[in-house]
Every structure is written in structure tokens, then in C-alpha cells.
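Owing to the predicted nature of the structure, the values given are computational and were not obtained by experimental measurement.
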Amino acid sequence: MPPLRVSIIGSGNWGSAICKIIGNNTKRSNRFNPMVNMWVFEELIEGRKLTEIINQDHENVKYLPGHQLPRNVVAVPDVVEAAAGADILVFVVPHQFIGRICDQLVGHMKSGAFGISLIKGVDVGPDGLKLISDIIREKLGIEVSVLMGANIANEVADEKFCETTIGCKNPHHGQIFKELMQTPNFRITVVEDCDTVEICGALKNIVAVGAGFCDGLGFGDNTKAAVIRLGLMEMVAFARLFCKGSVSTNTFLESCGVADLVTTCYGGRNRKVSEAFAKTGKSIEELEKEMLNGQKLQGPQASLEVYKILKQKDLIEKFPLFVAVYKICYERCPVQEFISCLQNHPEHY
């Protein structure tokens with residue numbers, strides 16, 4: 001079998017961190033072609049194209065400064081060119097852009113190609129919940145797995161030990177992904193419950209926004225612990241209502257579940273910006289521009305999508321934490337009222 005060609009679709013903070021792992025692993029394995037294309041949304045940085053900086057200096061100075069990227073990773077500004085001839089596509093872009101990116105790729109995929117999504121978010125379809133992997137699968141006609149976990153990008157790039165979870169129904173593909181991305185400091189567990197893995201990755205960002213509100217309002221660690229526990233309850237309840245297959249409680253004990261939830265509620269951009277929102281009174285949009293250097297915030301957007309789904313299914317009253325985050329972010333509900341969603345939360349589901 002000829003070596004598998006890998007393309008990374010996306011080059012932000014997380015995309016650049018994972019490209020370090022993929023670039024180094026493809027050089028060490030005969031299973032993969034050592035040259036890896038990475039699609040980069042072209043920007044000018046002090047008069048230079050970002051793709052030129054990456055290809056000449058091997059550093060993403062905007063989204064992952066201070067880290068040398070592998071020399072076998074090539075930045076490509078055209079997404080169709082980046083994906084050309086790829087056997088494996090690694091999708092790692094903000095979830096609100098995936099639809100139009102896939103539209104550009106339609107008709108340009110290599111026969112037999114398959115993908116993996118590292119994108120944390122959900123969408124709304126006519127029948128309710130639409131997973132990002134479903135969008136890719138339907139638009140491109142390829143098999144798609146997912147990777148989610150307690151993986152703050154800068155820590156992964158620094159090679160600090162962490163775990164992650166791959167949701168994959170195809171055991172052969174699961175082994176390929178593990179070989180492509182596992183390292184001694186990036187340990188992978190493969191599970192079949194891929195819908196739950198993906199839903200965890202989206203919903204934990206909503207809970208992290210709530211944790212940030214608590215920090216900004218000075219409520220302390222006891223309150224944040226309650227947010228995490230009640231948020232996890234809502235995540236489990238949501239998954240059981242909306243996942244197509246059976247939901248395993250064990251999946252929530254993997255890195256994609258409780259571990260990702262905890263690390264996101266104590267670190268990460270969603271918590272950080274939400275804390276500033278509670279302290280300053282500035283809008284989420286203002287703070288995103290001020291604090292994230294071009295990165296996108298996923299928690300508020302996910303709360304909007306989840307709210308639409310819950311309203312469609314007449315389930316708003318059963319998810320008070322998710323709904324409170326939405327109302328504070330989008331309906332100008334005072335952030336001080338967030339605590340009431342905890343005080344009035346149902347004890348059991």
C-alpha cells in the first residue's frame with residue numbers, strides 16, 4: 001500500500017499545535033507520506049503573508065508564537081489545493097466555518113478518503129441537533145471520526161502530558177488515527193461512542209462560560225464546583241436525548257468528558273473571556289477582539305445553537321444552566337442572575 005497522505009484543514013491555535021504532532025509522527029512512520037499540507041487562512045502579518053512566514057520561518061507567529069513547526073508541514077492558502085490527493089483529512093477550524101469550507105471541497109476529494117474532526121461545536125438542522133461530523137460526512141460523502149479531550153492547545157504544543165479521546169466506529173481507522181497522533185505525552189483512547197464524544201466537546205464550552213461568570217462575580221471554588229457538576233448533569237441528559245445511538249456513561253469518564261470539562265472550567269478562552277465579561281460589562285464581541293488575537297469563542301455560539309434545539313423540542317425548562325448562559329450572552333439578561341439557575345436547578349434528571 002502506498003503511504004497515506006495527510007492534510008490538515010485549519011491552522012489556528014489548536015490546528016498549529018496538532019500539526020506539530022502530526023508532522024513529527026508522519027516522518028517516523030512508513031504508513032504515512034512525510035509531507036503534510038496544512039490549509040491556512042491567508043493573513044498579512046506586518047506586511048508578510050502568514051503562509052510565507054510558516055513555510056520560511058516554520059512558526060505560526062499569530063496563533064502559536066514561540067513554537068517551531070515541523071519542516072515537512074507546508075502551509076497552503078487554497079483549501080482545495082491543500083486537500084488535493086489526501087487520504088486523511090484532519091478538520092480543525094471554528095465550527096461556524098465548516099459548512100462553507102466543505103462546500104469548497106465538494107467534488108475534489110480523493111476516492112476512499114476519510115476524516116477526523118477536532119472541531120468543538122454543534123449546529124441546528126430541521127430535525128434538531130446537527131453534529132459537525134454529520135455536516136462533513138453529508139457534504140463530502142466520507143467517513144468521519146472525532147477527537148475531543150482535555151487538550152489546551154498551548155500545553156499540547158509544549159508537550160505537557162495529556163490524554164484525549166477518539167470516537168471512531170471503524171476499528172481500522174481508529175488504529176490509523178492513533179498511530180498518526182499518539183505520542184508519549186499525548187495519550188489516546190479510542191471508543192465507539194463517537195456521537196457522545198463529540199457532544200461533550202461542544203457542551204463543555206457552555207459550562208465553561210458559566211464557570212467564567214462565577215469567577216468574574218467572585219463566587220469562589222465551591223460555586224464553580226457546583227457549576228461543573230450541574231453542567232455535567234445537563235451534558236449527560238442532553239446526550240441521552242439527542243444522540244442517535246446508545247449513550248455509554250463510561251464515555252463521560254474519558255478525557256472528552258469530565259477531564260475536558262474540568263480543564264476548560266479552570267483554563268481556556270471561554271472561561272477567561274466570560275470572567276472579563278462579568279467584571280467589565282463589555283460585550284462578548286468586544287472582548288473576543290481584545291483578548292483572543294483573532295481566535296473565535298465557541299461557548300456562547302454553542303449556547304445559542306443548543307437553545308434553538310431545546311426551544312424546538314420544548315425542553316428549555318429542563319436545562320437551566322445552558323439556557324442561563326444563552327440568555328446572558330444573547331438576551332442581555334444580567335450576569336448577576338446566573339446564580340439563580342444554580343439555586344433552582346433540579347436535583348435529579
Evaluate the side-chain proximity of Phe91 to Leu140: yes if any heavy-atom separation is below 4.5 Å, no if none is. yes
Report yes or no: does Asn72 contribute a side-chain atom to a donor-acceptor pair with the main-chain N or O of Pro34 at less than 3.5 Å? yes
Using a 3.5 Å distance criterion without hydrogens, assess whether the side chain of Asn37 forms a donor-acceptor pair with backbone atoms of Ser7. no
Side-chain heavy atoms nearer than 4.5 Å, only ILVMFWY residues, links allowed to pass through others: does that put Val73 and Ile21 together? yes
Assess the side chains of Glu331 and Tyr326: does a donor N or O sit below 3.5 Å from an acceptor N or O? yes
Check for me, please, whether Ile9 and Leu118 land in the same ILVMFWY cluster - side-chain distances under 4.5 Å, paths through other members count. no
Closest heavy-atom contact between His67 and Asp158? CE1-OD1, 2.8 Å
Applying the side chain to side chain donor-acceptor pair (under 3.5 Å) criterion to Thr264, which one of Lys120, Arg271, Gln298, Lys204 satisfies it? Lys204
Please check this pair: side chain of Glu286 against backbone of Ser283, looking for a donor-acceptor N/O pair closer than 3.5 Å. yes
Taken to the nearest 0.5 Å, the spacing of Arg137 CZ from Leu131 CG works out to 8.0 Å
Heavy-atom side-chain contact between Thr165 and Leu147 under 4.5 Å: no
Is Leu50 linked to Leu69 within one hydrophobic cluster, defined over Ile, Leu, Val, Met, Phe, Trp and Tyr using a side-chain heavy-atom separation of less than 4.5 Å? yes
Measure across Thr196 and Ala239 and return the closest heavy-atom pair with its distance rounded to 0.1 Å. CG2-CB, 4.5 Å
Is it the case that over 12 heavy atoms from other parts of the model lie below 6.0 angstrom from the CZ atom of Arg31? yes
Does the side chain of Asn344 pick up a donor-acceptor pair with the side chain of Ser340 at under 3.5 Å? no
Crowding at NZ, Lys27 (>12 non-hydrogen neighbours, <6.0 Å): yes
Pair Asn60-Ser11, side-chain donor/acceptor within less than 3.5 Å: no
In the structure I gave you, are the side-chain heavy atoms of Cys329 and Ser274 within less than 4.5 Å of one another anywhere? no
Measuring from Asn293:CG to Arg269:CZ, what's the distance to the nearest 0.5 Å? 10.5 Å
Is the Phe213 ring parallel, tilted or perpendicular to the Phe338 ring (thresholds 30°, 60°)? perpendicular
In the structure I gave you, are the side-chain heavy atoms of His95 and Asp123 within less than 4.5 Å of one another anywhere? no
If I compare all heavy atoms of Cys19 with all of Ile8, which pair ends up nearest, and what's the gap? CB-CD1, 3.5 Å
Side chains of Pro65 and Glu59, heavy atoms from C-beta outward: is any pair under 4.5 Å? yes
When rounded to the nearest 0.5 angstrom, what is the spacing between CG in Asp260 and SG in Cys200? 8.0 Å
Kindly work out whether a path of hydrophobic side-chain contacts (I/L/V/M/F/W/Y, heavy atoms less than 4.5 Å apart) joins Ile53 to Val74. no
side-chain hydrogen bond (donor to acceptor under 3.5 Å, both in side chains) against Lys49, all qualifying residues, sequence neighbours excluded: none
Determine the minimum heavy-atom distance between Val122 and Ala202, stating which atoms define it. CG1-CB, 3.7 Å
Quick check for you: to the nearest 0.5 Å, what is the distance between Leu297 atom CG and Asn270 atom CG? 4.5 Å
Under the criterion side chain to side chain contact (heavy atoms under 4.5 Å, CB included), I'd like the reasoning laid out for Val93 against Ile119: C-alpha separation, chi angles, the key distance, then a yes or no. CA-CA 6 Å; Val93 295; Ile119 301 168; 3.8 Å; yes
Is it the case that more than 12 heavy atoms not belonging to Glu42 sit under 6.0 Å from its CD atom? yes
Okay, side chain of Lys224, backbone of Cys265: is any donor-acceptor separation there less than 3.5 Å? yes
Looking only at the side chains, is there a donor atom on one of Thr251 and Asp193 sitting less than 3.5 Å from an acceptor on the other? yes
Which residues share a side-chain hydrogen bond (donor to acceptor under 3.5 Å, both in side chains) with Arg48, sequence neighbours left out: Gln56, Asp57
Residue pair Val76, Trp39: steps toward the side chain to side chain contact (heavy atoms under 4.5 Å, CB included) verdict: CA-CA 5 Å; Val76 180; Trp39 175 63; 5.6 Å; no
Sidechain-backbone polar pair: Asn55 side chain, Ala75 backbone, donor-acceptor under 3.5 Å: yes
Step-by-step side chain to side chain contact (heavy atoms under 4.5 Å, CB included) determination, Val207 to Leu232: CA-CA 8 Å; Val207 185; Leu232 181 59; over 6 Å; no
Give a yes or no on whether Asp103 atom CG has more than 12 heavy-atom contacts from other residues, nucleotides or ligands under 6.0 Å away. yes
Lys20 side chain vs Ala157 backbone, donor-acceptor pair below 3.5 Å: yes
Hey, mind stepping through Ser29 and Glu179 against side chain to side chain donor-acceptor pair (under 3.5 Å) and telling me if it holds? CA-CA 8 Å; Ser29 171; Glu179 186 174 337; 2.6 Å; yes
Pick out which of Asp87, Asn25, Val6, Ile22 makes a side-chain contact (heavy atoms from CB on, under 4.5 Å) with Phe32. Val6
Counting only N and O atoms by type, is there a donor-acceptor contact under 3.5 Å from the side chain of Thr263 to the main-chain atoms of Ala150? no
Mind checking side-chain contact (heavy atoms from CB on, under 4.5 Å) for Met291 and listing every partner two or more places apart, or none if nothing turns up? Lys272, Val273, Ala276, Leu287
Given the rule that I, L, V, M, F, W and Y join up when any side-chain heavy atoms are under 4.5 Å apart, are Ile18 and Ile152 in one cluster? no
Give a yes or no on this: more than 12 heavy atoms of other residues, nucleotides or ligands lie within 6.0 Å of atom OH of Tyr266. yes
Can you list the steps and then say if Leu203 with Phe319 is a side chain to side chain contact (heavy atoms under 4.5 Å, CB included)? CA-CA 12 Å; Leu203 298 184; Phe319 295 87; over 6 Å; no
Roughly how far apart are Asn154 CG and Asn13 CG, rounded to 0.5 Å? 5.0 Å
Under 4.5 Å between any side-chain heavy atoms of Tyr330 and Gln301, yes or no? yes
In Å, rounded to the nearest 0.5 Å, how long is the span from CG of Asp215 to NZ of Lys279? 7.5 Å
When the aromatic ring centroids of Phe177 and Phe114 are compared, is their separation below 6.0 Å? yes
Are Ile54 and Met38 packed together at the side-chain level, in the sense that at least one heavy-atom pair is separated by less than 4.5 angstrom? yes
Note: Ile132 and Glu198 closest approach over all heavy atoms is N-OE2, 3.0 Å
Heavy-atom closest contact (Cys168 atom, Cys194 atom, distance): N-CB, 3.9 Å
Lys/Arg N to Asp/Glu carboxylate O, Glu290 vs Lys282, below 4.0 Å: yes
Is any side-chain heavy atom of Phe186 closer than 4.5 Å to one of Asn151? yes
If you count every heavy atom of other residues, nucleotides or ligands that lies below 6.0 Å from Glu192 atom CD, does the total exceed 12? no
